[in-house]
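Structure first, commentary second.
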Amino acid sequence: MLPLLVRRLGPVSEQQPESHDDSFDEFDQIVAEESDRDPDLAVIAAGSRTLRAQAGPPQGEPVPDVPADPQAAEALREVEQELAGRWGETKLEPSVTRIAALMDVLGEPQRAYPSIHITGTNGKTSTARMIEVLLNAFELRTGRYTSPHVQSITERISLDGAPITAERFVETYHDIKPYVEMVDAAEEFRLSFFEVLTGMAYAAFADAPVDAAVIEVGMGGTWDATNVIDGAVAVVTPISLDHTDRLGSTPGEIAGEKGGVIKPGATVILAQQPVDAAQVLLKKAVEVDATVAREGMEFGVVTREVAVGGQQLTLRGLGGEYDGIFLPLYGAHMAHNAAVALAAVEAFFGIGADRARVLDVDTVRKAFASVTSPGRMEVVRRSPTVVLDAAHNPAGALATADAVTESFGFSRLIGVVGASEGKDVRGLFEAFEPIFAEVVVTENTSHRAMTADDLGAIAVEVFGADRVQVEPRLDDALEAAITLAEEEAEYGGAGVLVTGSVITVGEARLLLKRG
């Protein structure tokens with residue numbers, strides 16, 4: 001059994017870089033200021049700097065905004081409006097009948113390339129992005145399908161690490177639209193928003209063509225629209241309670257649905273799971289004769305050290321050990337996502353514990369050093385520091401709270417929280433209560449957003465009235481939180497964490513990036 005040794009250092013600095021691609025001049029300044037106080041920092045930071053220099057500038061794309069071409073922007077808006085007229089992602093009829101019919105009339109595009117299929121409760125998108133970067137580093141052309149998007153719908157369908165253009169998104173939609181209408185006419189219910197997008201992604205990947213597709217489920221697994229693929233590798237990130245009205249009330253019940261992505265003969269990469277979830281997933285793997293690799297046994301995190309701008313890792317893969325890995329993302333959960341991603345790529349290339357070889361270590365290092373994950377522990381501003389994280393359930397919030405505590409030296413942290421109806425917001429608040437000095441509750445523009453007043457009522461029960469401020473408009477909430485943090489600036493280390501929903505984070509990102 002592989003021991004999971006995690007070395008936790010204290011906060012390395014109260015002034016964190018805005019992002020992992022800040023200039024090395026700023027990096028050196030931070031090291032110079034802090035290394036006298038913490039001698040370990042100089043060693044850790046020097047290693048981080050070396051690996052970052054080897055990797056070159058980050059390859060991750062900025063989150064796209066409105067297309068510069070007015071015609072393309074208008075065409076994209078029209079397509080979005082047509083898609084919005086369909087069932088939304090939260091209204092489901094649990095079957096793959098309609099998406100299978102669409103794949104049939106499109107000529108089964110999802111079978112034109114091998115796939116890595118990712119399910120779980122938390123960490124799916126970040127893991128998908130890491131897998132994609134690794135595959136790209138080994139010169140494979142990739143397609144990545146993830147959801148939801150942070151700012152632009154085009155983010156959901158990526159080729160070679162970048163969202164498809166608005167023009168290509170519109171073109172793909174119109175290419176499959178006649179076939180969508182054929183299926184609509186033949187079925188009891190029209191194809192949903194998510195089903196049409198899934199069809200678009202599979203068609204776009206076949207048209208590219210790609211060498212490998214990295215596919216994240218929308219919800220669950222068995223009846224998720226993505227589950228018309230037979231992934232050679234099935235990845236299950238940590239399972240916890242979310243969407244309990246549709247997936248089940250215990251991790252084990254939820255695992256029963258998510259285990260539907262495990263196909264005969266596949267290799268299953270299991271992140272650390274609750275005991276009942278692990279039992280269900282292992283039973284499913286045995287039933288379909290799938291090979292299983294478990295985090296903490298066949299692969300895992302060997303060492304982890306906090307570093308400026310992220311963390312340095314040693315990972316145990318299926319074929320061997322990979323040391324000296326700089327990951328420009330914060331938190332233990334991201335380190336575990338990296339271990340899962342590495343094992344998934346090894347499995348994709350046919351590397352296992354019985355094969356005495358590893359992936360090229362330098363290539364792996366360069367790939368991980370270039371990883372980005374917008375809206376996931378992302379620093380978008382300093383003075384005061386503003387961090388965005390899309391945690392929207394208690395398990396995700398606990399991971400975020402641990403990451404913030406470990407990676408930033410905040411003496412006072414202000415929360416900005418906007419959540420969706422139906423979420424366990426009390427559990428969310430309880431996870432953040434120990435680290436938030438005050439919380440500003442707000443709402444995003446989604447029709448599913450919980451009102452600021454309703455959110456505030458729950459927040460008062462958890463934090464007390466003197467620690468809660470209600471600002472229905474997100475821009476007002478951001479301004480209020482930043483003002484509160486600035487008032488503490490004389491004491492040093494004040495910050496703001498925006499969280500509660502991917503939509504809230506996306507809208508905040510747009511507001512803050514535009515100043």
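Remember, predicted model here, so these are calculated numbers, not experimental data.
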With [X] via salt bridge (charged side-chain N to carboxylate O under 4.0 Å, His left out) - residues at least two apart:
{"X": "Asp453", "value": "none"}
{"X": "Glu108", "value": "Arg111"}
{"X": "Glu479", "value": "none"}
{"X": "Lys263", "value": "Asp230"}

Practice task
Identify whether the distance between the nearest side-chain nitrogen and carboxylate oxygen of Arg86 and Asp184 falls below 4.0 Å.
Solution key: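 Result for this pair is yes, salt bridge flagged.
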
Contacts of type side-chain contact (heavy atoms from CB on, under 4.5 Å), residue [X], not counting sequence neighbours:
{"X": "Val387", "answer": "Met377, Val379, Thr385, Phe408, Phe410, Leu497"}
{"X": "Phe189", "answer": "Trp87, Glu93, Arg98"}
{"X": "Arg168", "answer": "Leu159, Ile164, Thr165, Thr172, Asp207, Ala208"}
{"X": "Ala203", "answer": "Ile176"}

Problem - ring-ring contact (aromatic ring centres under 6.0 Å, His included) pairs, two or more places apart, involving residues 119-168 - result: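 Of all non-adjacent pairs touching residues 119-168, those that pass ring-ring contact (aromatic ring centres under 6.0 Å, His included) are Phe138-Phe349, Tyr145-Phe194.
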
Exercise for the section: Heavy atoms only: give me the nearest Val498-Ala508 pair and the separation to one decimal. Expected result: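 Of all heavy-atom pairs spanning Val498 and Ala508, the closest is CG1-CB, 3.8 Å.
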
Practice task
Taking side chain to side chain donor-acceptor pair (under 3.5 Å) as the test, write out the residues that go with Glu471, two or more places apart.
Solution key: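 Result, side chain to side chain donor-acceptor pair (under 3.5 Å) vs Glu471: Gln469.
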
Problem - Under the side chain to side chain donor-acceptor pair (under 3.5 Å) test, residues paired with Thr146 that sit two or more places apart - result: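 Here the qualifying residues are Arg144.
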
Problem - Pairs where residues 497-507 contributes a residue and the test side-chain hydrogen bond (donor to acceptor under 3.5 Å, both in side chains) is met, not counting sequence neighbours - result: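 side-chain hydrogen bond (donor to acceptor under 3.5 Å, both in side chains) check on residues 497-507 returns Asn444-Thr504, Thr445-Glu507.
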
Exercise for the section: Please confirm whether the backbone N or O of Leu359 pairs with a side-chain atom of Glu346, one donor and one acceptor, at under 3.5 Å? Expected result: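 No: the side chain of Glu346 does not pair with the backbone of Leu359.
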
